[in-house]
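Since the structure is predicted, the reported quantities are computational estimates derived from the model, not experimental observations.
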Amino acid sequence: MNEATDIGATAIERVAGEIRRRERFLLTAHEGPDGDALGSLLGMHHLLTQLGKDSVMFLAAKEFPLPIEYRFLPLEEVFHEAPADMADRAAIFLDCGNVDRMPVDFLAGDNVFTINIDHHHDNTLFGDVNLVEVDASCTAEIVYQLAILLDAEITPEIAAALYVGLVTDTGKFMYENTNARTHRIAADLIEAGVPVDETYRRLYEHVPLAKLRLLSRALNGIQYHCDDKLVLAYITAADYESSGAGEEMTEGIIDHLRSVEGARVAVLIRDLGDRGRTARKVSLRSSDGEVDVSAIARVHGGGGHKRAAGFSTDLEPAALVSFLCGEVSVQLGS
């Protein structure tokens, strides 16, 4: 199947041309990488390697250990520092809405040729070349389209990586960004060798007891604000210590909050300790789409989708709740 012309033909052809023309690349994604960021990163790395390119992957050391769900991905070769030959490499940002979401100095310079591949509607178009397709279900879908355009073989390794991006960013194909093309691409990836059952179990069923204890503490501490329109949980350093879990085990907790009956917006606040450049990370979900949570996140330099977004902050919890309630109330006109 070849659907490359479905998405931004001029932009995708320009990116394909840069990939054909250049020999060395550094790949990166946003901080706090999720399944789409990691799957796209790894899938693009395998794609470039197949094409005979010199590709390295970069994520800051503070991102490790990764969330439990993604530790099965073969990311042992990821760099934590700038390669010595960075001046000779083009940087490809994957699933990154703005350059500040990968806040490292060596990638922020004007001398770095940057290719920006993403699907977030609030992407700031920070690249020298921008391939931003907001109708794509995930960034992994765009990487798949690139592979087709570049006449690459969808190997089992590429397929497995991209399938992780596809299944996680669509909420196991349940979110509104899922469409017929999403399922056609999933079918192609499965035919290429994705171990579907094993991937599902790795993502959703290998849950340590410590993570369940952390989830229990989060759910036991649920708060309601803004006339019960906002459902919130705050995971503190004490919660980590009591449960024996790390901050990397918070993945997926926000989805339990979003499922609470009557909630319009779900919020998970978590202390970052020494894993973050700020004191706290805030994850936001809009249950019915009436509230654009990406607009809320952008106020503090974050971003994301209209129904799923996040930001980092040093605001104290009380001030943070006040800010969130104010933003939600303005959007709902209440």
Side-chain angles (χ1 to χ4, degrees), residues 32 34-36 67 69 120-122 134 137-138 167-179 182 203-205 207 211-236 238-240 242-243 245 247 249-272 280-300 302-313 315-334:
D34 56 10
D36 190 23
E69 291 81 357
H120 293 96
H121 75 285
D122 59 354
V134 298
S137 66
C138 56
V167 74
T168 55
D169 238 36
T170 61
K172 294 172 279 189
F173 306 104
M174 292 187 295
Y175 296 163
E176 65 179 359
N177 59 341
T178 305
N179 56 36
T182 311
L203 287 171
Y204 301 111
E205 294 183 352
V207 183
K211 177 167 181 170
L212 293 178
R213 288 177 176 144
L214 185 65
L215 172 62
S216 175
R217 290 184 68 90
L219 296 181
N220 282 335
I222 280 181
Q223 306 170 25
Y224 293 87
H225 299 277
C226 308
D227 296 324
D228 295 345
K229 297 182 183 72
L230 189 149
V231 175
L232 180 148
Y234 175 32
I235 297 178
T236 67
D239 293 320
Y240 297 133
S242 176
S243 63
E247 188 272 333
M249 293 189 185
T250 60
E251 183 82 5
I253 291 178
I254 186 73
D255 297 316
H256 292 273
L257 304 180
R258 174 165 48 186
S259 68
V260 173
E261 184 178 7
R264 307 292 293 277
V265 175
V267 179
L268 179 66
I269 303 170
R270 56 190 188 271
D271 286 341
L272 293 178
R280 293 168 190 87
K281 180 70 181 286
V282 181
S283 296
L284 306 167
R285 299 292 185 269
S286 177
S287 60
D288 58 11
E290 190 172 347
V291 175
D292 178 357
V293 292
S294 70
I296 299 174
R298 284 196 298 274
V299 176
H300 285 279
H305 304 286
K306 290 183 178 180
R307 297 183 66 165
F311 64 95
S312 300
T313 182
L315 280 179
E316 291 298 322
L320 187 50
V321 170
S322 177
F323 160 73
L324 292 169
C325 281
E327 293 292 318
V328 169
S329 295
V330 167
Q331 288 202 37
L332 292 177
S334 57

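- Considering only heavy atoms from C-beta on, V282 stays 4.5 Å or farther from L268 through its side chain.
- With hydrogens and angles disregarded, a donor-acceptor distance shorter than 3.5 Å links the side chain of N220 to the backbone of S216.
- Not a single donor-acceptor pair under 3.5 Å links the side chain of K229 to the backbone N or O of G262.
- In this structure a side-chain-to-backbone donor-acceptor pair under 3.5 Å is missing from R285 to R307.
- Side-chain contact between D34 and T168 is absent, with no heavy-atom pair separated by less than 4.5 Å.
- The closest side-chain donor-acceptor pair between S242 and R217 falls under 3.5 angstrom.
- Summarising the local packing, CG of N179 is surrounded by more than 12 heavy atoms from other residues, nucleotides or ligands at distances under 6.0 Å.
- No donor-acceptor contact under 3.5 angstrom links the side chains of S287 and R258, judged on distance only.
- With hydrogens and angles ignored, the 3.5 Å screen pairs no side-chain donor or acceptor of S329 with any backbone N or O of G326.
- Listed for the N177 side chain is a donor-acceptor partner under 3.5 Å among the backbone atoms of D169.
- Looking at heavy atoms from C-beta onward, V267 lies out of side-chain contact with V231 at the 4.5 angstrom threshold.
- No donor-acceptor pair closer than 3.5 Å links the side chain of E290 to the backbone N or O of R264.
- The nearest pair of heavy atoms linking D292 to Q331 is N-OE1, 2.7 Å.
- Nearest heavy-atom pair across L284 and I296 is CD1-CG2, 4.0 Å.
- The two residues G303 and R298 have their closest heavy-atom pair at CA-CG, 4.4 Å.
- With no hydrogens or angles considered, no side-chain donor-acceptor pair links H305 and H121 at under 3.5 Å.
- Taking every heavy atom of both residues into account, A297 and G310 meet most closely at CB-O, 3.4 Å.
- Of the N and O atoms on the side chains of D271 and Y234, at least one donor lies less than 3.5 Å from an acceptor on the other residue.
- The closest side-chain heavy-atom distance from V134 to H120 is not below 4.5 Å.
- Closest of all the heavy-atom pairs between A309 and S294 is CB-CA, 3.6 Å.
- Between F323 and H300, the two ring planes are perpendicular [angle over 60°; tilted spans 30° to 60°].
- Residues V293 and A308 come closest through the heavy atom pair CG2-N, 3.5 Å.
- A cation-pi arrangement is present between K172 and Y204 under the rule of less than 6.0 angstrom and at most 45 degrees off the ring axis.
- In summary, E247 and K281 do not engage in a salt bridge, as defined by a charged side-chain N under 4.0 Å from a carboxylate O.
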